[in-house]
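Input: a single structure, listed below in structure tokens.
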Amino acid sequence: MSKPVPVEDLSEADARRELARLATEIKLADAAYYKEDDPHLSDADYDALRARNAEIEARFPHLKRKDSPSERVGAEVSEAFSKVTHGVPMLSLDNAFSDEDVAEFAARIRRYLGLSDDETLTITAEPKIDGLSLSLTYEDGQFVRAATRGNGQVGEDVTANARTIEDIPDALKGKSWPGRIEIRGEVYMTGEAFEALNASQEEAGKKIFANPRNAAAGSLRQLDVAITKSRPLRFFAYAWGEVSESFAKTQTEAIETIDAWGFVTNELFKPHDTVDGLLEAYRDMAERRAMLGYDIDGVVYKVDRLDWQERLGFVSRFPRWAIAHKFPAERAVTRLEAIEIQVGRTGTLTPVARLTPVTVGGVVVSNATLHNEDEIARLDVRPGDMVEIQRAGDVIPQVLGVVDAHEANRAPPFEMPEECPECGSAAVREVDDKGEADVRRRCTGGLTCPAQAVERLKHFVSRKALDIDGLGAKQIELFYGHGVVKGPQDIFRLADRIEAAGLPPLSEWEGFGETSARNLFASIDARRTPPFQRFLNGLGIRHVGETTSGLFARSFLKWESFWDTVKKASEGDDSAEADLLSIDGVGQTAVNSLKDFAAEPHNQEMLTDLLAEVEVEDAEAAASDSPVAGKTIVFTGTLEKMTRDEAKSRATALGAKVSGSVSKKTDIVVAGPGAGSKLKKAEELGLQVMSEDDWLELAGL
Ligand code: IVH
């Protein structure tokens, strides 16, 4: 290898070429190392490639590639599949657990759409398949790509694996399909195939799967397509994503069409005109459940008319037009061995039941939540008791009650500690404005409590916050235990903190080694420009989670202007507080909690230190080319074409901000009949006022 040109002598064109070459070389080296277990470069040569890449990027930051190796750490299994961004997010479904929930679902839709009682609301019912969802793209009728759901926004490309599934047609039948269409559905494994697979796995001394769903997921996400092919996976089509043109007017018609194109759709799918009809379908499917040959965990209801589905839209992660009616949870009886206390990120003490392991619905359960001390008292559960537990889907198992309490030799009633078991600080129940004690007991130690500090750090690096690869619960505990990471800022100074503590370099720690230490530092560095929403969520402020953080991010766009407003509000500036509260979906509880956080000197210090290490990335205004995007809108008076809720959510969907009060910052006031003081104020301020019809036209609704 000839000696490389010094970076300071590179022209821009040279630099661009070199970055491309380095990206490829590093990718190949990673693949050889991780996937083929056959590194073709020495550690030193590999390091030199990465160092040169970093040096060039530092001199020419604008040339940094989308697939830059500095953004990527090694090639874990998930890196083995390339990423696919879903054109239409793959959402999940809200749950209904009772007949009343289903009636309320239908009533809510009627209210939202403003339907009169005599208008028929047709809703379809079909089984909820317990598998994993998959999106299949067809262009000109040909299958071109399969992607897993992933996090709903970005999934994994599993095209080659999906081609091995017989239920997935290579080409659509007929001629009348949209030029481009994405079919969605569930990959699953039949009970019979699952049993046979586990039997042969066992014989070969390989991994046994806990249930058919895990087996299906494990079989689809195989690097070796031959393995996927050898596993009998099936596919039910039940929905669609991006389409180049509409192809049906109702869900029923769409499913019939998809069936005619050659997919397998579920034979139990059926439309119903009444809630009673839906409930009857639910009971019918619950009865057939054991005989279907594949696992289902409930019934999915969907509004049949697609124009109504569109009007109903989405609320956070769920469509308003569909819901999953879950089957009752599976239950079992076992012994409660002990009640232990866990301290969470915000200091809540949660009693956890340690159980003699028992199988419930195919999964071994050894822990269950007891929620809080009132719940323990209500159930009167004591260590040593036989208890009934239940498990529903992926939720944490619950203790339902004591069976057969043997009075004579029972342990005394459980008492909740009044001191935090982790730090010894007082643990108290907060009393609200009405003088009622909160059900939760909370440690008052704040960040001096190691459990809270550790849980907050875990949250900070977790998937929905900074999402630092290779830095999980285990590593946080290790670093915290050695005193090198006490707050989030320390993560970004890890090497220095290790050195300052007089510890050997990370690469010499047990369980690390050259490559993983290097990868960890690289993945930390890759997160030095966290997006606004993730950063705020990561701070772990009570009542300011992922959704609320997103509302602030989309409204303020810039971290500095947001935090400035929070600081002012915490110093008693009412207009700053009003700015925070004017965001639709943000309530007083979240704002109070932000103010409390900002007022604490140790939080201020932590933030200053942290912001010296990272630069928060501005949020983008909701992607929309609508003329109302980015505008602040106030609706007042009566709306005649749609309900207030619908107006608000459709405006938000177009990228507008909906506010409840008129101020200088308002762009448009939509006034219907009966508008009063808000209209007056808008006129005083000289704001743009329009009728509902003008608004609908402007918004293109
Ligand atoms: S419809 C926008 N229909 O359940 C709604 N989902 O909890 C799209 N699922 O991620 C989903 N059977 O993986 C729909 N008949 C069915 C389903 C179904 C199973 C899964 C799907 C989804 C999850 C939501």
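In each ligand, atom 1 is the first atom listed, and ligand 1 is the first ligand listed. All values derive from a computational prediction rather than experimental measurement.
- Ring geometry for Phe635 versus Trp695: interplanar angle over 60°, hence perpendicular rather than tilted (30 to 60°).
- Here the CZ-CD1 distance, from Phe143 to Ile183, works out to 11.5 Å after rounding to the nearest 0.5 Å.
- Residue Ala239 places no N or O, backbone or side chain, under 3.5 Å from any N or O of ligand 1.
- Regarding atom 2 (C) of ligand 1, its nearest protein heavy-atom neighbour is Pro319 CG, 3.5 Å.
- Across every non-hydrogen atom of Ser555 and Lys657, the tightest pair is O-NZ, 3.3 Å.
- Using cut-offs of 30° and 60° on the angle between ring planes, the pair Phe327 and Tyr282 is tilted.
- If you look at Lys302 next to ligand 1, the close heavy atoms, those under 4.0 Å, all belong to the side chain.
- Checked by distance only, ligand 1 and Ser92 stay at 3.5 Å or farther apart across all their nitrogen or oxygen atoms.
- The proximity of Pro127 to ligand 1, defined as any non-hydrogen pair under 4.0 Å, is limited to the backbone.
- Using a 4.0 Å cut-off between charged nitrogen and carboxylate oxygen, Asp284 and Arg288 count as a salt-bridge pair.
- Shown are Glu182, Arg184, Arg145; of these, the side chain to side chain donor-acceptor pair (under 3.5 Å) with Ser135 is made only by Glu182.
- In this structure, the protein non-hydrogen atom closest to atom 11 (C) of ligand 1 is Tyr238 CE1, 3.9 Å.
- Across all their heavy atoms, Val299 and Met285 have their closest contact at CG2-SD, 3.8 Å.
- Ring geometry for Trp261 versus Phe247: interplanar angle of 30 to 60°, hence tilted.
- Scanning the protein heavy atoms around atom 20 (C) of ligand 1, the nearest turns out to be Glu186 OE1, 3.5 Å.
- Atoms of ligand 1 lying under 4.0 Å from at least one heavy atom of Leu91, given by number and element, are 10 (O).
- For atom 7 (O) of ligand 1, the closest heavy atom belonging to the protein is Leu93 N, 3.4 Å.
- Residue contacts with ligand 1 for Lys128 involve both N, CA, C or O and side-chain atoms from C-beta outward (heavy atoms, distance under 4.0 Å).
- Nearest protein heavy-atom neighbour of atom 12 (N) of ligand 1: Ile129 N, 2.9 Å.
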